[in-house]
Amino acid sequence: MGRAILIERERDRTRVAILEDGVLVEFYVEGDGGRRLAGNIYKGRVENVLPGMQAAFVDIGLDRNAYLYVADAAPCVGGEDEAAQRSGGRHQNAEELPIEQFVRTGEDIIVQIIKEPVGTKGARVTRQITLPGRFLVLLPGSDYIAISNRISSENERERLKKLVAGLRIEGTGFIVRTAGEGRTEEEFREDARQLGEAWEHIQSQARKVKAPALLHRDTGLVYRVLRDSLLPDISEITVDSPEEEREVSALLETFAPELKGKVTLQRVNGMSLFEARGIEEQLRRALARKVWLKNGAYIVFDHTEAMTVVDVNTGRYTGSTSLAETIFRTNTEAAREIARQLRLRDVGGIIVIDFIDMANQSHRDSVLTILEEELKKDRTKSTIVGLTGLGLVEMTRNKRRQSLIETLTNPCAHCNGSGRSRI
């Protein structure tokens with residue numbers, strides 16, 4: 001069945017679901033009056049610098065000042081620095097240097113939101129600006145070229161590196177996105193031209209306006225999803241209104257005309273598109289604490305301020321050969337489902353997984369390998385630290401926006417937040 005994108009527009013919000021073989025793996029929602037902030041670029045003013053926290057707070061015109069950590073305040077470094085390439089162009093020793101070396105109180109700086117404000121916390125910002133296009137990500141202030149890790153062919157990586165090297169101008173770098181694999185020089189040149197013009201406009205605005213001010217708003221939800229998710233294996237793009245069909249077709253005409261024929265309009269009497277395709281039921285399960293596996297075992301998600309804890313249980317599954325095999329099969333199926341749930345729920349931060357204890361080392365290695373392979377399908381970076389002495393799997397997943405449960409639920413007013421109620 002491949003990958004499918006479903007777009008449903010309601011009166012005051014747009015919802016997008018991405019499916020793989022009919023199973024929901026990513027979900028996005030954006031209200032017409034409350035677009036996301038991550039990716040926006042601002043001219044801000046440094047309000048105060050806190051050496052004891054190695055951070056600064058920057059007024060960018062929002063309700064709360066934004067948080068700038070020392071590693072995000074450091075300028076990019078050159079492309080010959082291999083350590084910098086591994087870290088996205090940042091100084092590897094930035095955290096060891098005083099924050100005052102990079103910013104000072106009262107200074108105007110250009111920053112980009114990399115993490116949405118959540119609760120009482122303001123947005124997190126960086127001076128490492130990134131402007132994503134269809135095939136490239138422009139890196140102002142850098143001079144190195146990086147290739148997406150998902151492009152595995154060494155010959156293709158070398159071709160892309162040489163091709164893009166001829167496009168960059170002094171003081172800018174590029175990351176070649178996964179969608180750039182196999183693309184022509186003309187396609188990259190046009191992408192680079194559009195990104196260069198966008199950055200020039202941002203710089204021009206910054207010279208004209210007084211801080212705090214918005215310089216660049218990230219694109220809308222539908223545009224972002226189409227830009228970031230249109231890989232060759234997309235088999236279907238389904239919308240629920242003629243207006244949305246025209247908008248999606250126009251966007252595809254710009255950067256993926258070969259996919260226009262895959263856009264379809266689906267309407268079901270008395271039901272929404274998501275109801276008809278089973279998305280609502282899958283969302284309901286994604287908000288549940290307990291997730292049942294096909295074999296009768298289950299996993300449990302518990303969210304705390306510090307981390308997310310995932311527990312694996314055999315449940316109704318009793319196996320058929322031996323206890324070790326029953327545990328192994330439960331853990332392997334759980335590893336696949338945990339990776340999907342982390343991606344769907346958009347869980348970020350520290351994650352601890354309590355698989356059922358396995359005495360066999362080869363079984364432990366296999367389960368970790370399966371988890372790692374499944375996580376590679378996720379566009380958000382995650383890192384598996386390994387097994388603790390108690391047999392727990394420690395990992396982290398980047399957090400850039402609110403999780404699914406934070407997006408679709410509110411803290412319960414009757415129990416002071418120890419439970420949650422559906423919006």
Side-chain angles (χ1 to χ4, degrees), residues 30-31 33-78 84 87-132 137-143 169-173 195-220 224 348 398-402:
E30 185 171 87
R35 297 175 63 179
R36 77 164 194 169
L37 299 176
N40 288 357
I41 299 173
Y42 297 82
K43 181 177 183 179
R45 176 162 296 152
V46 180
E47 288 294 300
N48 48 358
V49 179
L50 306 177
M53 295 178 63
Q54 279 287 70
F57 286 93
V58 184
D59 180 10
I60 59 175
L62 302 181
D63 293 339
R64 293 181 296 275
N65 288 341
Y67 176 79
L68 177 67
Y69 184 56
V70 61
D72 297 311
C76 290
V77 295
S87 64
R90 293 171 173 80
H91 280 285
Q92 285 293 289
N93 63 342
E95 296 183 23
E96 301 172 5
L97 300 173
I99 181 72
E100 306 97 308
Q101 182 168 323
F102 303 116
V103 294
R104 61 181 183 274
T105 301
E107 179 183 8
D108 289 349
I109 58 176
I110 298 177
V111 294
Q112 184 173 35
I113 293 182
I114 56 175
K115 186 175 179 182
E116 297 271 351
V118 178
T120 59
K121 296 180 180 179
R124 180 167 175 174
V125 295
T126 180
R127 297 178 76 181
Q128 318 297 326
I129 307 299
T130 59
L131 286 176
V137 177
L138 178 67
L139 307 172
S142 177
D143 63 355
I169 60 176
E170 185 177 356
T172 62
L195 292 172
E197 289 180 355
W199 177 237
E200 288 180 3
H201 177 72
I202 290 169
Q203 290 178 298
S204 174
Q205 287 294 104
R207 289 190 290 268
K208 298 176 183 177
V209 300
K210 183 178 180 181
L214 173 67
L215 301 177
H216 170 80
R217 185 183 298 278
D218 198 17
T219 51
R224 290 196 311 271
N398 286 2
K399 183 177 179 68
R400 294 177 64 97
R401 62 191 184 104
Q402 289 186 324

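Bear in mind that the values here come from a model prediction, so they are computed numbers and not experimental data. The figures that follow rest on heavy atoms only: side chains count, while hydrogens, waters and symmetry mates do not.
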Validation row: Leu131, Ile202 side chains within 4.5 angstrom (heavy atoms): yes

Kindly indicate, with the supporting measurements, whether the criterion side-chain contact (heavy atoms from CB on, under 4.5 Å) is fulfilled by Tyr42 and Leu37. CA-CA 11 Å; Tyr42 297 82; Leu37 299 176; 3.9 Å; yes

Can you check side-chain contact (heavy atoms from CB on, under 4.5 Å) on Val103 and Val58, steps first, answer last? CA-CA 10 Å; Val103 294; Val58 184; over 6 Å; no

As a test of understanding, state which of Ile60, Thr126, Ile129 forms a side chain to side chain contact (heavy atoms under 4.5 Å, CB included) with Val111. Ile60

Looking at Glu170 and Asp143, would you say the former's side chain and the latter's main chain have a donor-acceptor pair under 3.5 Å? no

Output yes when a side-chain donor or acceptor of Asn40 lies under 3.5 Å from a complementary backbone atom of Arg217, and no otherwise. no

State the NZ-CD distance between Lys399 and Glu116, to the nearest 0.5 angstrom. 10.0 Å

Of all residues at least two apart in sequence or in a different chain, which pass the side-chain contact (heavy atoms from CB on, under 4.5 Å) check with Asp59? Glu47, Asn65, Pro212

Given side-chain contact (heavy atoms from CB on, under 4.5 Å), test Ile110 with Ile41 step by step and report yes or no. CA-CA 7 Å; Ile110 298 177; Ile41 299 173; 3.6 Å; yes

Lys115 side chain vs Arg124 backbone, donor-acceptor pair below 3.5 Å: no

Measuring from atom CZ of Phe57 to atom CZ of Arg64, what distance do you get when rounded to the nearest 0.5 angstrom? 11.5 Å

Listing request: all side-chain hydrogen bond (donor to acceptor under 3.5 Å, both in side chains) pairs with a residue in residues 99-108, at least two apart in sequence or in separate chains. Arg45-Asp108

Those residues at least two apart in sequence (or on a different chain) that pass ring pair (Phe, Tyr, Trp, His ring centres under 6.0 Å) with Tyr69 are none

Which of Thr130, Asp72, Val125, Asp218 passes side chain to side chain contact (heavy atoms under 4.5 Å, CB included) with Gln112? Answer is Thr130

